[in-house]
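Whatever order the structure lists them in is the order used to number ligands and atoms, beginning at 1. All figures in this text were calculated on a predicted structure; none of them were measured in a lab. Along the sequence shown, residues are numbered consecutively beginning with 1. All values below were derived from every heavy atom in this structure, side-chain atoms included, with hydrogens, water molecules and symmetry-related copies excluded.
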Amino acid sequence: MGGLFDLTGDAALVTGGSTGLGRQMARALAMAGAQVAILSRRWDAVTAAAEALAQETGRTIVPLVGDVTEGGQIERAIGEALAHFGKIDVLVNNAGVNIREPIERIRDEHWRRIWHTNVTGVMICCRAVVPHMRRAGYGRIINIGSALSLVGLAERTGYAASKGAVLQITRTLAVELAREGITVNCICPGPFATEINRSVLEDPAKSADLLAHVPMGRWGRLEEIEAPVVFLASRAAGYVTGACLSVDGGWTAA
Ligand code: NAD
């Protein structure tokens with residue numbers, strides 16, 4: 001990619017960037033020219049992913065260790081990213097978890113884990129990065145919501161509530177930061193065949209039930225998350241803020 005969507009000279013940080021959609025988005029941002037840091041909880045996983053991505057893209061990919069629910073760890077990781085790049089232009093809040101349970105069986109610890117990761121984690125990363133973006137007068141924050149930011153689905157009360165909150169964080173910060181050169185947008189993916197969907201992928205009946213919601217009738221292909229993130233990360237998307245970009249095969253249009 002180049003031209004309108006060229007990210008040469010920009011520095012990006014992708015949370016949960018060692019697997020699935022996060023890894024794919026980190027790759028896309030690097031291919032578009034950005035310097036990229038990926039953050040994950042485990043040093044072995046994040047360094048292995050960074051090395052593989054560096055080979056695939058020919059760029060330096062910086063591995064960072066941190067848990068998005070731990071403010072101190074995130075402050076330290078952001079400090080490391082700043083030491084490498086001197087700035088963070090693009091923050092992709094992608095780290096997330098899903099635990100599926102009917103209402104009567106929701107366990108408090110699962111509810112807390114979903115909420116802390118998917119909601120508090122986004123707030124913690126934004127809180128740590130925004131002061132640097134404000135100083136620079138420029139920033140692109142991209143939160144990863146879900147089709148379940150917009151519609152309900154049985155046995156996903158915690159997850160859907162958390163992803164609805166991600167969309168509201170997006171809108172609120174978009175308004176708060178609108179005059180600072182910082183845009184805040186949300187990508188709302190439909191089903192992609194990643195680790196988070198393992199239990200669904202392993203069960204053909206559950207998989208068919210899920211795809212029945214998708215007018216295109218298929219899983220998203222990992223590469224189909226690339227253009228949306230590069231677009232929202234680009235300078236070309238400067239007047240787009242507070243938006244929800246659905247990448248869901250038509251799920252939420254139906
Ligand atoms: P995934 O399980 O491969 O990725 C989730 C990543 O988040 C993992 O790398 C995991 O290690 C990381 N993570 C989890 N908790 C963390 C924490 N506390 N601190 C740091 N990192 C943490 O699955 P994925 O599909 O790539 O999910 C990425 C994002 O996309 C998630 O926010 C998910 O909710 C969202 N999403 C996925 C789908 C889908 O169908 N795959 C659909 C809609 C939204």
Side-chain angles (χ1 to χ4, degrees), residues 13-28 37-50 52-53 63-74 76-78 91-100 109-110 112-125 128 142-151 153 156 158-167 169-170 186-201 206-207 210-211 213-214 216 218-226 228-229 244-249 251-252:
L13 168 59
V14 181
T15 69
S18 57
T19 65
L21 294 175
R23 186 188 191 286
Q24 195 76 25
M25 290 189 285
R27 184 179 189 283
I38 57 173
L39 177 131
S40 197
R41 285 162 299 179
R42 285 182 26 228
W43 177 246
D44 53 346
V46 78
T47 48
L53 281 170
L64 301 172
V65 177
D67 183 322
V68 296
T69 67
E70 298 288 341
Q73 291 183 25
I74 293 307
R76 201 164 50 241
I78 302 296
L91 168 65
V92 182
N93 284 309
N94 163 79
V97 291
N98 188 2
I99 303 169
R100 302 161 183 85
E109 80 216 60
H110 289 171
R112 276 195 291 267
R113 194 159 133 229
I114 292 173
W115 202 262
H116 282 159
T117 310
N118 297 4
V119 184
T120 311
V122 172
M123 180 280 291
I124 284 175
C125 293
I142 301 159
N143 297 325
I144 306 305
S146 164
L148 301 191
S149 298
L150 301 165
V151 296
L153 188 65
R156 271 77 161 184
Y159 183 76
S162 75
K163 291 299 187 176
V166 169
L167 184 51
I169 291 174
T170 303
C186 193
I187 294 177
C188 289
F192 282 78
T194 63
E195 185 60 31
I196 209 168
N197 283 319
R198 181 198 282 270
S199 65
V200 178
L201 285 159
K206 281 188 186 162
S207 187
L210 188 62
L211 291 186
H213 293 279
V214 181
M216 286 189 188
R218 65 168 176 85
W219 294 87
R221 301 184 183 104
L222 275 182
E223 63 271 20
E224 289 173 325
I225 206 69
E226 293 186 354
V229 76
C244 164
L245 177 48
S246 289
V247 185
D248 66 1
W251 183 342
T252 54

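- For His116, there are no ring pair (Phe, Tyr, Trp, His ring centres under 6.0 Å) partners at least two apart in sequence or on another chain.
- The shortest non-hydrogen separation linking Ala45 to Ser18 is O-CB, 3.9 Å.
- Any N or O atom pair closer than 3.5 Å counts here, and Leu39 shares no such pair with ligand 1.
- Remark: the backbone N or O of Ser146 is paired with a side-chain donor or acceptor of Ser149 at under 3.5 angstrom.
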- Task: Take Leu64 and Leu13 through the test side-chain contact (heavy atoms from CB on, under 4.5 Å) and record every step on the way to the result.
- Result: CA-CA 9 Å; Leu64 301 172; Leu13 168 59; 3.7 Å; yes
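- The shortest N or O to N or O distance between Val68 and ligand 1 is below 3.5 Å.
- Ligand 1 has Gly66 within reach: a non-hydrogen atom of the residue lies less than 4.0 Å from it.
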So Asn118 and Lys163, side-chain contact (heavy atoms from CB on, under 4.5 Å) or not? Walk me through it.
CA-CA 7 Å; Asn118 297 4; Lys163 291 299 187 176; 4.1 Å; yes
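- In terms of protein heavy atoms, atom 24 (P) of ligand 1 is closest to Thr194 OG1, 3.4 Å.
- Here the heavy atom of the protein found nearest to atom 35 (C) of ligand 1 is Ile144 CG2, 3.7 Å.
- The protein heavy-atom contact nearest to atom 2 (O) of ligand 1 is Ile196 N, 3.6 Å.
- For Arg100, the CZ atom sits in a packed shell: over 12 heavy atoms of surrounding residues, nucleotides or ligands are nearer than 6.0 Å.
- Close contacts between ligand 1 and Asp67 involve ligand atoms 17 (C), 18 (N), 19 (N) [criterion: under 4.0 Å to a heavy atom].
- Contact between Asn98 and ligand 1 is absent, with no heavy atom of the residue lying under 4.0 Å from the ligand.
- Assignment of Pro191 to the shell around ligand 1 is supported, since a heavy atom sits closer than 4.0 Å.
- Listed for the Asn197 side chain is a donor-acceptor partner under 3.5 Å among the backbone atoms of Phe192.
- Atom 5 (C) of ligand 1 has its closest protein heavy atom at Gly96 O, 3.6 Å.
- The contact set between ligand 1 and Pro189, taken as ligand atoms under 4.0 Å from a residue heavy atom, comprises 42 (C), 43 (C), 44 (C).
- Atom 1 (P) of ligand 1 has its closest protein heavy atom at Thr19 OG1, 3.6 Å.
- Closest of all the heavy-atom pairs between Ile38 and Ala50 is CD1-N, 3.7 Å.
- When all heavy atoms of Trp115 and Ala165 are compared, the pair lying nearest together is CH2-CB, 3.9 Å.
- Ranking the protein heavy atoms by distance from atom 26 (O) of ligand 1 puts Leu21 N, 2.7 Å first.
- With ligand atoms numbered from 1 in the order given, ligand 1 contributes 33 (C), 34 (O), 35 (C), 36 (N), 43 (C), 44 (C) to contacts under 4.0 Å with heavy atoms of Tyr159.
- Partners of Arg112 according to the side chain to side chain donor-acceptor pair (under 3.5 Å) rule, which considers only residues two or more places apart in sequence or in another chain, do not exist here.
- The contact set between ligand 1 and Asn94, taken as ligand atoms under 4.0 Å from a residue heavy atom, comprises 28 (C), 29 (C), 30 (O), 31 (C), 32 (O).
- Of all atoms in ligand 1, numbered sequentially from 1 with element shown, those under 4.0 Å from a heavy atom of Gly20 are 3 (O), 26 (O).
- Around the CZ atom of Arg42, the shell of radius 6.0 Å holds no more than 12 heavy atoms that belong to other residues, nucleotides or ligands.
- Looking at atom 14 (C) of ligand 1, its nearest protein heavy atom turns out to be Arg41 NH2, 3.3 Å.
- Of all heavy-atom pairs spanning Pro189 and Gly145, the tightest one is CD-O, 3.4 Å.
- Ligand 1 is approached by Lys163 to a heavy-atom distance shorter than 4.0 Å.
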Can you check side-chain contact (heavy atoms from CB on, under 4.5 Å) on Asp248 and Val214, steps first, answer last? CA-CA 7 Å; Asp248 66 1; Val214 181; over 6 Å; no
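- Considering both main-chain and side-chain atoms, Thr117 never comes within under 3.5 Å of ligand 1 through any nitrogen or oxygen pair.
- If you number the atoms of ligand 1 from 1 as listed, the ones under 4.0 Å from a heavy atom of Asn197 come out as 39 (C), 40 (O), 41 (N).
- Not a single donor-acceptor pair under 3.5 Å links the side chain of Thr117 to the backbone N or O of Ile114.
- Relative to atom 38 (C) of ligand 1, the option among Gly190, Gly17, Ser18 with the closest non-hydrogen atom is Gly190.
- Within the 4.0 Å heavy-atom shell around ligand 1 one does not find Thr15.
- In terms of protein heavy-atom proximity, atom 12 (C) of ligand 1 is closest to Gly16 CA, 3.8 Å.
- Under a 4.0 angstrom heavy-atom cut-off, Gly220 registers as lying outside contact with ligand 1.
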